[in-house]
Amino acid sequence: MGYTAAAGASVMLPSLKPFADTNNAAKIKLAQVGTGHRGSGFWGRDLLRNFKDEIEYAGVYDINPGRSEYAKNLYGGGCKQYLEFDKMLDETKPDYVIVTTVDSTHDEYIVRALNKGYNVITEKPMTTDEVKCKEILDAEKKSGKKVIVAFNYRHSTHNSKLKEVLASNRAGKITSVDFHWYLNVFHGADYFRRWHSIMARSGSLWVHKATHHFDLLNWWLNSEPVEVTSYGSLDHYGKNNSFRGTKCRGCEHKPNCKFYWDINRDQRLVDLYVKNEQHDGYLRDGCVWRNEIDIFDKMSAQIIYANGVTANYSLTTYSPYEGWHIAFNGMKGRVESWEDIPYLEKMALDQANRHATEMSSDDKAKTNDSRQIMVMDNFSKDYEIINTPKIAGGHGGGDQVMQRRIFIDKNDNPHNIMAGTRDGAMSILIGIAARKSIKEKRPVKISELTDLAPMTNRF
Ligand SMILES: NC(=O)c1ccc[n+]([C@@H]2O[C@H](COP(=O)([O-])OP(=O)(O)OC[C@H]3O[C@@H](n4cnc5c(N)ncnc54)[C@H](O)[C@@H]3O)[C@@H](O)[C@H]2O)c1
């Protein structure tokens, strides 16, 4: 697989034969490490369904052999299950290695793949601490190969439109941002059931979850962070309850626990996790009240950017509804937007199923509704509402668009939407700085964590 530079691209995108030529062209060959929900779903089943004539899996590896076998059977074709990662690379010689393991293990596979001379696509967060971050940046540089960081949120129609509005300078120079993200008691709680709830595995939600939000901020503002001050605590989940169990299945507290969740109602989750517990003890329906939980469930931060913008950010994990709200204050006016806030949309949303719908790539997830971006000029009585089509599935439609841009439409890179390691680093470094700021009770400079010098204007 050769690489050609896409005009203005932040990463070098693969040179591929267009759709019509694929009969004669070899398919793009993938090898995957980490065949859990995201790996075997979005990067497996969905990718093969969307681009079956262009893409094939040659090999899969997971530390849990039951899950890699599940993926091998799902992907079909010539896909082989491997019990060793290096052997998989040596035998399959893939065009890309797809890394979809637990967050704290991404670095190991990214670096090993680069060192063997392979291009990598990694799920977010790129990694979970500043040391691993540097190792990835160094390995990429040394190898001459490329890492694409899969920031799917950028690619949703709504988020892309917001980028367009900001890039058009509609509100003048932006000086501050208010950005608040609300995870509901279903989706939010899910992070406290399993590995995400352990700081050493996910880097906390400052990194695991907020990497999406910090990446959006960095991209929307076209600048990079210089300093972070933050607060956070664990107020709701974990030790904050009078009772607890190990997992929901068979739990004596089922009648009294609002967070009881029956994994057996979802056959895919049973096949992926329950049937493979004997290999590694991974409990997908772990108790949200476990004493070992050591991440924050309430977080807020102030981020100062190289271009002078101050951003106020917060993340909560036990909201009655799931959604977000953002406002960009500029010298000439204000740009404001939100998603799925029931009282603003004047409708009730199914909170229990909202996350499942968002993760779905099903066409039924498309709706006739729209989302709004509000623009108001200073000294004006009027405001303008810009509508974008609402696509409930696949992270606002971003999932599939990103796949297409990575594998098929190599020149479709509006506003440098394709993300590489610099973007991956700058988003996690905000979260890592936030963690450090809480621990050390002081503002933390990004320069304490990296030798990348924050750019005033990214492009
Ligand atoms: N972009 C998005 O919107 C999005 C959505 C969901 C998940 N993700 C990311 O995808 C990745 C996977 O998440 P998931 O929800 O599928 O989790 P998961 O727990 O379902 O899957 C993780 C897999 O990694 C395997 N694994 C763990 N340690 C390993 C190791 N050392 N070596 C090899 N395999 C190992 C596990 O056995 C499991 O199969 C995470 O990085 C997560 O942040 C991204």
Side-chain angles (χ1 to χ4, degrees), residues 31-46 60-72 74 81-86 88 97-110 112-113 121-128 132 148-156 159 183 187 190-191 193-198 200-205 207-213 215-216 263 266 268-269 271-286 355-356 358-361 393-403 406 419 424 427-428 431:
Q32 181 175 58
V33 53
T35 57
H37 195 262
R38 185 74 175 163
S40 66
F42 171 71
W43 290 106
R45 179 199 56 205
D46 298 352
V60 285
Y61 167 73
D62 194 290
I63 203 165
N64 184 314
R67 265 194 292 283
S68 54
E69 190 182 357
Y70 170 93
K72 179 204 71 173
L74 185 69
Q81 177 195 16
Y82 286 88
L83 300 177
E84 285 168 55
F85 177 70
D86 286 350
M88 172 171 78
V97 178
I98 312 262
V99 178
T100 41
T101 54
V102 164
D103 300 349
S104 61
T105 66
H106 289 178
D107 63 304
E108 179 190 342
Y109 296 108
I110 297 171
R112 277 162 73 184
I121 300 169
T122 182
E123 256 305 343
K124 50 52 61 177
M126 188 169 83
T127 185
T128 48
K132 293 172 175 182
I148 292 173
V149 182
F151 280 127
N152 49 332
Y153 281 30
R154 290 185 179 199
H155 299 260
S156 89
N159 294 339
L183 296 169
H187 182 199
D190 211 34
Y191 294 113
R193 299 189 192 283
R194 49 186 180 139
W195 57 264
H196 310 73
S197 62
I198 305 300
R201 306 209 75 202
S202 66
S204 82
L205 296 180
V207 172
H208 172 81
K209 188 68 194 170
T211 185
H212 275 306
H213 314 151
D215 176 64
L216 282 174
I263 191 172
D266 187 326
R268 174 162 146 74
L269 297 185
D271 292 344
L272 262 180
Y273 305 103
V274 177
K275 288 187 182 167
N276 294 309
E277 279 170 5
Q278 79 273 15
H279 298 294
D280 58 7
Y282 179 170
L283 299 176
R284 177 64 183 80
D285 61 343
H355 181 56
E358 188 186 74
M359 294 295 282
S360 154
S361 58
H395 292 103
D399 277 353
Q400 217 188 103
V401 177
M402 181 182 71
Q403 284 182 342
I406 290 176
S427 78
I428 54 168

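All values below were derived from every heavy atom in this structure, side-chain atoms included, with hydrogens, water molecules and symmetry-related copies excluded. Start at 1 and go down the list; that is how both ligands and their atoms are numbered.
- Annotation for ligand 1: atoms under 4.0 Å from non-hydrogen atoms of Thr101 are 11 (C), 12 (C), 24 (O), 33 (C), 34 (N), 35 (C), 40 (C), 41 (O).
- Counting the atoms of ligand 1 from 1 in the order shown, those under 4.0 Å from a heavy atom of Asn152 are 1 (N), 2 (C), 3 (O).
- Contact atoms of ligand 1 toward His212: 1 (N), 2 (C), 3 (O) (distance under 4.0 Å to a heavy atom of the residue).
- Checked against the 6.0 Å centroid threshold, His187 and Tyr191 count as a close aromatic pair.
- Closest approach of Tyr153 and Asn159 over heavy atoms only: O-ND2, 2.8 Å.
- The part of Arg67 lying near ligand 1 is the side chain, judged by heavy-atom distances below 4.0 Å.
- Residue contact annotation: Pro125 has a non-hydrogen atom under 4.0 Å from ligand 1.
- Polar contact with ligand 1: present for His106 (N/O pair, distance under 3.5 Å).
- Side-chain atoms of Lys124 never come within 3.5 Å of backbone atoms of His212 as a donor-acceptor pair (strictly under, hydrogens ignored).
- Of the heavy atoms in His37, both backbone and side-chain atoms come closer than 4.0 Å to ligand 1.
- With hydrogens and angles disregarded, no donor-acceptor distance shorter than 3.5 Å links the side chain of Thr35 to the backbone of Ser40.
- Numbered from 1 in the order shown, with element, the atoms of ligand 1 that lie under 4.0 Å from a heavy atom of Asp103 read 40 (C), 41 (O), 42 (C), 43 (O).
- For the residue pair Ser427/Asp215, the side-chain donor-acceptor check at 3.5 Å is not satisfied.
- Residue Arg194 places a heavy atom less than 4.0 Å from ligand 1.
- Counting atoms of ligand 1 from 1 in the listed order, those under 4.0 Å from a heavy atom of His208 are 42 (C), 43 (O).
- Screening Asp399, Asp46, Asp103 against Arg38 for a salt bridge (charged side-chain N to carboxylate O under 4.0 Å, His left out) leaves a single residue, Asp399.
- Proximity of Phe151 to ligand 1, defined as any heavy-atom pair under 4.0 Å, is not found for any part of the residue.
- Electrostatic pairing of Arg193 and Asp190 counts as a salt bridge here, judged by a charged N lying under 4.0 Å from a carboxylate O.
- Within the listing of ligand 1, atoms 18 (P), 20 (O) sit less than 4.0 angstrom from a heavy atom of Tyr273.
- Here is the list of ligand 1 atoms found below 4.0 Å of a heavy atom in Thr105: 31 (N).
- Under the 30°/60° scheme for interplanar angles, the aromatic rings of His196 and His208 are found to stand perpendicular.
- The N/O atoms of His196, backbone and side chain alike, include none that comes under 3.5 Å of an N/O atom in ligand 1.
- Remark: Asp266 pairs with no residue by the salt bridge (Lys or Arg N to Asp or Glu O under 4.0 Å) rule, at least two apart or across chains.
- Of the listed residues (Tyr109, Tyr70, Phe42, Phe85), the one carrying the non-hydrogen atom nearest atom 32 (N) of ligand 1 is Tyr109.
- At a 3.5 angstrom cut-off on N or O pairs, Ile63 counts as close to ligand 1.
- Nearest heavy-atom pair, Met88 versus Gln32, reported as atom, atom and distance to 0.1 Å: CE-O, 3.5 Å.
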